[in-house]
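The structure appears right after this line, and notes come after that.
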There are 2 protein chains.
Amino acid sequence: MPERRGRSPVMHDVARLAGVSHQTVSRVLNAHRGIRPETEARVRAAIAELGYRRNTSARALVTHSSRLVGVLTTVPDHPDTARALVGIERALRAAGRTLLFAGTAPEELAASAERLFGHALEGCVALVPGQEGELAAVKGPPPTVVVDAPPAHAALTVRADQRGGAYALTRHLLDLGHRTVHHVAGTAPGHAARTEGWRQALREAGAPEPEAVAGAETGTETESGTGAGSGPGTGHTAGLVLAARRAAGEEVTAVLAADDHIALGLLHAFTESGLRVPGQVSVAGFGDRPEAAHLCPALTTASADPAEVGEAAVRLLLAEPEEREGAGANPEQDRAVTALLLPVRLRVRRSTGPPPARRPR
Amino acid sequence: MPERRGRSPVMHDVARLAGVSHQTVSRVLNAHRGIRPETEARVRAAIAELGYRRNTSARALVTHSSRLVGVLTTVPDHPDTARALVGIERALRAAGRTLLFAGTAPEELAASAERLFGHALEGCVALVPGQEGELAAVKGPPPTVVVDAPPAHAALTVRADQRGGAYALTRHLLDLGHRTVHHVAGTAPGHAARTEGWRQALREAGAPEPEAVAGAETGTETESGTGAGSGPGTGHTAGLVLAARRAAGEEVTAVLAADDHIALGLLHAFTESGLRVPGQVSVAGFGDRPEAAHLCPALTTASADPAEVGEAAVRLLLAEPEEREGAGANPEQDRAVTALLLPVRLRVRRSTGPPPARRPR
DNA sequence: TTGTAGGCGTTATCAA
DNA sequence: TTGATAACGCCTACAA
């Protein structure tokens, strides 16, 4: 007998033990039809007895696919990335795939993509907020789903419904009794859609439409969750402006910030100005950063569950392109869906409440 | 010429273009010595021109190693996991390795390990807090580093210096002027060492050693960062006990909790009892959970940087076993270091301060 | 210093 | 229904 001492068993060993050829073993493993049940049983028994496992590399070599799906991100330390990873992994596991991860600085994005693509990826999920330019580096042969791709981007993408979320948040404040809702806008990708949702809600409700305050947001939404850097001045300045307007007689009872960072600045500014939240002013954020639940008061905000976003991205990635006539040249063209819009859900907490009574009833 | 139309170039193509054999190309790629510089230049030029990349699967097939390192965890949604991932990935990238990730429920740990090990891993980092039993599933041929393995566990491991951290935290409180420091103990793995560090600091300072309060911690430290579940009752009960003791005349001016969760409960209980933190009682936690910085008041705590822990784990994993006489049978036996102890650093924030003045000076 | 031959473990194609 | 044989792309001997 050939020496099979240290090495782990291979297909040939299983075949010999089952008294068949290695081909038959392969067929059993790949669920080919036309195998006599009793043959299959013998093969399975041999597999179990030997503790045999297929060699992934050999399989990938001949298959040209490794059943590996890559995740490429420029924001590995963003809390939403971690949460998305959980969803991605869950979907991948269900599909029998394994997750390859690369977190990298934007400058090294291309190099990291190379490294990832080198592993015969079956597909790739890109968590790359920021500018369109960065995404160019991710163009690869394996199909790629970009999470929250900019509107212009033509790739497969899963997006959170920013506009709908802002709409719902505004609606929530109006329903609490506020005559209108002020807004501090941001400049990060996706913030514009939030501003639109806010305006739309006001318009439909026939509420006054105050001008949005510019948040001078410097793209800090992609920063680490520990709040390092960023500093004040974000929503803080806007908060002081609004407090001043209120002192001057304007009716400012509810403010929707373009993101939780800005909302935090608002909270500070209002507290400094002696305004109680939510007693005198309600504040809502957007994005549901982890700390939002632990602020004083806990922040009402909204977000799409990052895990769900991740799951959806994988499902979109792994969905078989519809087999239409002439399919094959460009699989992405043959899909039924190339962009998914995920609902944004409200997280109502303590920072929003009814407006102060204007006069005793 | 053989048809080379759609397919990506292989080593043979490079060889033909450079006018050498594919062996020479392989030698260049693997930095073998004894290649004429001009030959190497031609090869490199051909590689660049063709945009050639080695096929990882073929390489792994013959090499029996994929330059892939696995990360296996039962707590994929723990914030420290995300932070560790960043460090792991950084170290891996520097070493030219790629990261394979599997997050899973404890029950499926063995299956996930199987799936991971199936990819010819070069090594594995296990983020598996909790019971020793779970770790048994991770026993695999590839060398594995367990992060924060239980003391008894014999594998390669990287541990945070729990004892030293608790010592430093206690020292910090004593230095602020507190006569002694109370302690709420926990039951999660690693908590016992924290209690030891606390006691040691008191003893060395000659401070009174109050009995530790049992925190009745139900292992919530492994839960998600959003605080779902866990509920009150953790440190809350202990806080009420301490507040009562204080009301009864005992000098309780500083409390070290076994973790941030317990500390949060303490904060609630003290606030309920009308005690100002840190005005009347100082509170310190342990673990630096992300929300600690955003509590009111922000929590003084301590932790080893998870990213650093991750980096250290990878370095330990990839460190070549020292080549001693008789090496080879069990590589782990031949290492200079099998357990690394990482420093725990203080994060002093607003929840600790000097004790209230006993009498006017 | 370079080239030739063989095999890594699997899947696909043919023939039986 | 099953078995032989040839790839898949690379690396490690050995030969030149």
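Just so we're on the same page: letters track the sequence lines, and every chain starts at 1. Note that the structure is a prediction, hence the values are computed from the model and not measured.
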Return the 5'-most residue of the pair B/H64, B/E40 with respect to DNA chain C, ranking by each residue's nearest nucleotide.
B/E40
So the side-chain hydrogen bond (donor to acceptor under 3.5 Å, both in side chains) pairs with at least one residue in residues 60-70 of chain A (sequence neighbours excluded) are none
Residue pair B/A113 / B/L72: nearest heavy atoms and the distance that separates them:
CB-CD2, 3.7 Å
Please tabulate, one pair per line, all N/O donor-acceptor pairs under 3.5 Å involving side-chain atoms of residues 99-108 of chain A, not counting sequence neighbours.
from: A/T104; atom 1: OG1; to: A/S112; atom 2: OG; distance (Å): 3.4
from: A/E108; atom 1: OE1; to: B/R93; atom 2: NH1; distance (Å): 3.1

When rounded to whole Å, the CZ to P distance for the pair B/R16 and C/dT2 reads 20 Å
Indicate every side-chain donor-acceptor pair of residues 27-36 of chain A with a distance under 3.5 Å to a residue at least two apart or in another chain.
from: A/N30; atom 1: OD1; to: A/R54; atom 2: NH1; distance (Å): 2.6
from: A/N30; atom 1: OD1; to: A/R59; atom 2: NH1; distance (Å): 3.4
from: A/N30; atom 1: ND2; to: A/S26; atom 2: O; distance (Å): 3.4

List for me each residue that meets side chain to side chain donor-acceptor pair (under 3.5 Å) alongside B/E134, sequence neighbours excluded, and say none if there are none.
none
What string of B, S and - do you get for nucleotides 10-16 of chain D, 5' to 3', when a contact is any protein heavy atom under 4.0 Å?
SBB-B--
Is there any salt bridge (charged side-chain N to carboxylate O under 4.0 Å, His left out) pair reaching into residues 37-48 of chain A, and which pairs are they, with sequence neighbours excluded?
A/E40-A/R44
At what angle, to 10 degrees, do the two end axes of the helix from C/dT1-D/dA16 to C/dA16-D/dT1 meet, given five pairs define each axis?
40°
For B/E114, enumerate each residue passing the side chain to side chain donor-acceptor pair (under 3.5 Å) test, keeping only those at least two apart in sequence or located in another chain.
A/R53
Under the side chain to side chain donor-acceptor pair (under 3.5 Å) rule, collect the residues that match up with A/T39, sequence neighbours excluded.
none
Is A/T39 touching bases, backbone alone, or none of the nucleic acid, heavy atoms closer than 4.0 Å?
sugar-phosphate
Starting at atom CD1 of A/I35, determine the distance to atom C1' of D/dG3, rounded to an integer number of angstrom.
12 Å
Just N and O in the side chain of B/T24: are any of them under 4.0 Å from OP1 or OP2 of C/dT1?
no
Mind checking B/L61 for me? I need base, sugar-phosphate or nothing, with any heavy atom below 4.0 Å counting as a touch.
base
